[in-house]
Amino acid sequence: MNQTVLLPGGAGFIGSHIAAELLDLGYEVVIVDDLSNARPDVIDRLEKISGRRPVFYQADVADRSALDRVFTENRIDAVIHLAGFKAVGESVQKPVAYYRNNLDSTLTLLETMATHGVKKLIFSSSATVYGAENPVPYTEDMPRGSCTNPYGWTKSMIEQILSDACVADPALSVVCLRYFNPVGAHESGLIGEMPNGIPNNLMPYITQTAAGIRAELSVFGNDYPTPDGTGVRDYIHVVDLAKGHVAAIDYVNQHTGWEAINLGTGCGTSVLELVHAFEKVNGVPVPHRIAPRRSGDLAFCYANVDKAARLLHWHAEKSVEDMCRDAWHWQENAKNL
Ligand code: WQD
């Protein structure tokens, strides 16, 4: 009997790529998503990619009776929890909404899992939990730091909640995957990142600028203590990231307790390096100019990836060029979807 994996928030950018990997590998996939930041036809596109259709419930994960129904109607083996608000800037404007939504959905999920005896959970966490205090590369044994925004704090708080839950229930198995900067898209061009309005993140801003939707990219600061003065990040291809989740399912199946694991490449790339790689691999210009620093940004953010290799037997395989090519393919293809 194939394992059934529940993906709360599974219709979004990262969840849809995880769903595609799981369907390809023969897992049964159940998605619960309120579609507040995803399109309903992503389910059709997943079916197009894999030839198999995930079970889909349009519901808020914090809706206890809706979630209870999902667990009653499906024999869930493991959960990959991706539901949450994720816009850093918006979280500063609407902190209460962010804490309410992200914590509430997690607590409801944990209670419903307990009611139905489901013990395996993978949580979509973020490198942002390292805060500003820790030196790069980040290792998982570093203490979580002070986040610069409520979005980041919700990730940090949820990690703590999950760790406490594991102490109380020794049968529970939780892996918090700390994502670095997921970019790129599925090579089919059928799923990818679809930001609402003006993108906050670098790669969608680059693709929209290359497509002429935005006039130019603002490079936020060129006076950081980095080789070319622009911010350095650990960009990871979303398909590699999705494969890291599949590896984490094997891990939670064989272990109990709480672990945090970085999902990155271990390599830093600057803003200008990414822009130039994108222009070169795709043969399109990305008009850009240097602008003031964005508040809250760090000079460097990249992972030590030894723990993922050791515990998950996983490492990222795709290059920055792959990320740029697939992001552009998606941007061009998404016009027709
Ligand atoms: C990357 C680099 C910017 C836009 C954030 C959150 C994190 C996670 C991912 C998600 C930085 C520079 C960006 C632009 C630019 N959250 N930049 N011009 O800040 O590393 O991480 O998103 O769910 O929690 O903090 O990613 O893509 O915004 O920025 O120069 O228009 O690109 O200054 O150096 P970041 P990013």
Side-chain angles (χ1 to χ4, degrees), residues 1-86 101-102 104-113 115-116 118 120-125 158 174-175 177 179 182 185-186 188 190-196 238-239 241-249 252-253 263 330 334 337:
M1 181 76 181
N2 290 335
Q3 276 200 75
T4 302
V5 182
L6 174 66
L7 305 183
F13 171 44
I14 293 167
S16 59
H17 287 80
I18 297 170
E21 286 305 309
L22 292 173
L23 289 166
D24 259 2
L25 291 167
Y27 289 86
E28 303 301 328
V29 174
V30 180
I31 292 175
V32 183
D33 200 303
D34 64 0
L35 302 179
S36 60
N37 194 14
R39 281 175 28 174
D41 62 346
V42 78
I43 306 298
D44 298 331
R45 285 184 264 129
L46 283 170
E47 187 175 7
K48 229 180 198 171
I49 289 171
S50 67
R52 298 176 58 226
R53 195 174 177 83
V55 176
F56 175 60
Y57 294 84
Q58 182 171 354
D60 182 342
V61 179
D63 177 342
R64 189 177 299 269
S65 61
L67 199 62
D68 191 68
R69 197 180 128 215
V70 173
F71 277 82
T72 302
E73 293 180 355
N74 302 275
R75 192 189 48 78
I76 304 297
D77 296 299
V79 179
I80 302 178
H81 174 29
L82 304 134
F85 293 161
K86 62 165 190 176
N101 183 69
N102 292 6
D104 231 11
S105 53
T106 304
L107 296 171
T108 305
L109 179 63
L110 280 173
E111 288 166 353
T112 312
M113 284 174 63
T115 304
H116 292 267
V118 178
K120 313 289 179 193
L121 176 64
I122 294 159
F123 173 59
S124 168
S125 190
I158 292 168
V174 174
V175 169
L177 294 175
Y179 309 159
H186 197 265
S188 64
L190 288 171
I191 50 173
E193 190 169 10
M194 215 174 243
N196 285 328
V238 65
V239 171
L241 190 86
K243 290 179 175 163
H245 290 73
V246 177
I249 294 175
V252 291
N253 280 336
L263 291 187
W330 160 246
L337 293 174

If only atom types and distance count, is the side chain of [X] paired as donor or acceptor with the main-chain N or O of [Y] below 3.5 Å?
| X | Y | value |
| --- | --- | --- |
| N2 | E28 | no |
| N253 | I249 | yes |
| N74 | I76 | no |
| H116 | V118 | no |
| R64 | T112 | no |
| D77 | V5 | no |

Measuring from atom [atom1] of [X] to atom [atom2] of [Y], what distance do you get when rounded to the nearest 0.5 angstrom?
| X | Y | atom1 | atom2 | result |
| --- | --- | --- | --- | --- |
| L7 | L82 | CG | CG | 6.0 Å |
| H245 | Y179 | NE2 | OH | 2.5 Å |
| I191 | D41 | CD1 | CG | 11.5 Å |
| M113 | L67 | CE | CG | 10.0 Å |
| Q3 | L22 | CD | CG | 9.5 Å |
| T106 | H81 | OG1 | NE2 | 3.0 Å |

To check you understand the geometry: which heavy-atom pair defines the closest contact between [X] and [Y], and what is its length?
| X | Y | result |
| --- | --- | --- |
| L23 | P54 | CD1-CD, 4.0 Å |
| I49 | A20 | CG2-CB, 4.5 Å |
| G192 | F13 | C-CD1, 3.5 Å |
| D33 | G10 | OD2-N, 3.5 Å |
| S105 | A83 | OG-O, 4.1 Å |
| S50 | D24 | CB-OD1, 3.8 Å |

(Q) Going by side chain to side chain contact (heavy atoms under 4.5 Å, CB included), F56 matches just one of V30, V29, I31. Which one? (A)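 The side chain to side chain contact (heavy atoms under 4.5 Å, CB included) with F56 is passed solely by I31 among V30, V29, I31.
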**Q.** Test side-chain contact (heavy atoms from CB on, under 4.5 Å) applied to Y27 and I18, step by step
**A.** CA-CA 11 Å; Y27 289 86; I18 297 170; over 6 Å; no
Q. Any side-chain heavy atom of M194 within less than 4.5 Å of one from R39?
A.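 The answer is yes; the side chains approach within 4.5 Å.
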Q. Under a 4.5 Å cut-off applied to non-hydrogen side-chain atoms, are I14 and V238 in contact?
A.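 The answer is yes; the side chains approach within 4.5 Å.
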Q) Does E73 have any side-chain hydrogen bond (donor to acceptor under 3.5 Å, both in side chains) partners at least two apart in sequence or in another chain, and if so, which? A)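 E73 satisfies side-chain hydrogen bond (donor to acceptor under 3.5 Å, both in side chains) with Y57, R69 once adjacent residues are dropped.
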Q. side-chain contact (heavy atoms from CB on, under 4.5 Å) between V252 and V174: does it pass, once the steps are laid out?
A. CA-CA 7 Å; V252 291; V174 174; over 6 Å; no
Q) Ion pair present between R53 and D44, side-chain N to carboxylate O less than 4.0 angstrom? A)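 Looking at R53 and D44, the cut-off is met.
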**Q.** Test log, rule side-chain contact (heavy atoms from CB on, under 4.5 Å), inputs H17 and L241
**A.** CA-CA 9 Å; H17 287 80; L241 190 86; over 6 Å; no
